[in-house]
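Before any comments, here is the structure.
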Amino acid sequence: NCQPCFVVLLKMARQTGIKGLQLWCKNVTCEYRDVEITNMTRSFRDGLAFCAIIHRYRPDLIPFDTLKKGDVARNNELAFKVAEDELGIPSLLDVEDMVALEVPDKLSIATYLISYYNYFKDLEPGDRQNGAIENIPPVKKTKVETSTVNPGISSQPTKTESPGHIHKQVTNP
């Protein structure tokens with residue numbers, strides 16, 4: 001299901017808001033077992049997608065190979081705790097809601113994922129603050145025009161130096 005990076009980037013350049021964010025998530029997680037991003041609700045319910053995004057950039061923080069698709073509470077708890085404790089991303093979602101709701105709230109998930117995107121956008125997969133981690137394929141960089149991923153906020157498209165890096169100019173409505 002992985003598409004060449006340039007194809008994903010061309011699609012991202014045409015997408016805004018939640019669709020652009022969904023494409024970024026799909027690209028980041030496409031090589032992970034049991035993770036398929038088809039929407040911004042059920043695709044994230046089991047917590048594997050959150051764990052995969054963190055693992056893609058910081059494999060030292062998430063033991064992805066030990067996770068099971070059916071362990072919704074454990075997967076979400078791990079992702080939310082690691083994101084908050086290690087990356088400084090506040091937990092905007094509740095583990096209990098992810099377990100209880102068949103279809104989690106789309107805007108809540110998107111809002112939380114924007115924090116992931118903003119944290120990881122300038123990192124190469126497998127990057128650490130202390131040096132690169134081996135065996136993670138890098139995302140190729142080319143110049144493309146993109147627009148924002150922040151839903152509900154008026155913004156202007158900007159140029160970016162690297163694909164997959166969606167920089168936003170936010171103006172208050």
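In this chain, numbering begins with 1 at the start of the sequence shown.
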State the [atom1]-[atom2] distance between [X] and [Y], to the nearest 0.5 angstrom.
X: Y116; Y: T111; atom1: OH; atom2: OG1; answer: 13.5 Å
X: I62; Y: F50; atom1: CD1; atom2: CZ; answer: 12.0 Å
X: K19; Y: K26; atom1: NZ; atom2: NZ; answer: 9.5 Å
X: D105; Y: T41; atom1: CG; atom2: OG1; answer: 9.5 Å
X: M40; Y: C25; atom1: CE; atom2: SG; answer: 5.0 Å
X: T29; Y: L48; atom1: OG1; atom2: CG; answer: 10.0 Å

Checklist entry - Below 6.0 angstrom between ring centroids: does that apply to Y112 and F44? => result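 Centroid separation for Y112 and F44: 6.0 Å or greater.
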
Checklist entry - Can you find a pair of side-chain heavy atoms, one from L78 and one from I54, that are under 4.5 Å apart? => result no

Checklist entry - Quick one: does E31's side chain get under 4.5 Å of R56's, heavy atoms only? => result yes

Item to check | Counterpart residues, side-chain contact (heavy atoms from CB on, under 4.5 Å), relative to S43 (two or more places apart) | outcome: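 side-chain contact (heavy atoms from CB on, under 4.5 Å) check on S43 returns I37, T38, N39.
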
Checklist entry - Do the ring planes of F64 and Y32 sit parallel (below 30°), tilted (30 to 60°) or perpendicular (above 60°)? => result perpendicular

Kindly list each side-chain donor-acceptor pair under 3.5 angstrom involving residues 80-102, sequence neighbours excluded, with atom names and distances?
{"unit_1": "K81", "atom_1": "NZ", "unit_2": "D85", "atom_2": "OD2", "d": "2.5"}
{"unit_1": "S91", "atom_1": "OG", "unit_2": "L93", "atom_2": "O", "d": "3.1"}

Next on the checklist: Under the side chain to side chain donor-acceptor pair (under 3.5 Å) definition, can you give me all pairs with a residue in residues 64-76, not counting sequence neighbours?
Outcome noted: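 Counting only pairs at least two positions apart or across chains, the side chain to side chain donor-acceptor pair (under 3.5 Å) contacts touching residues 64-76 are D46-K69.
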
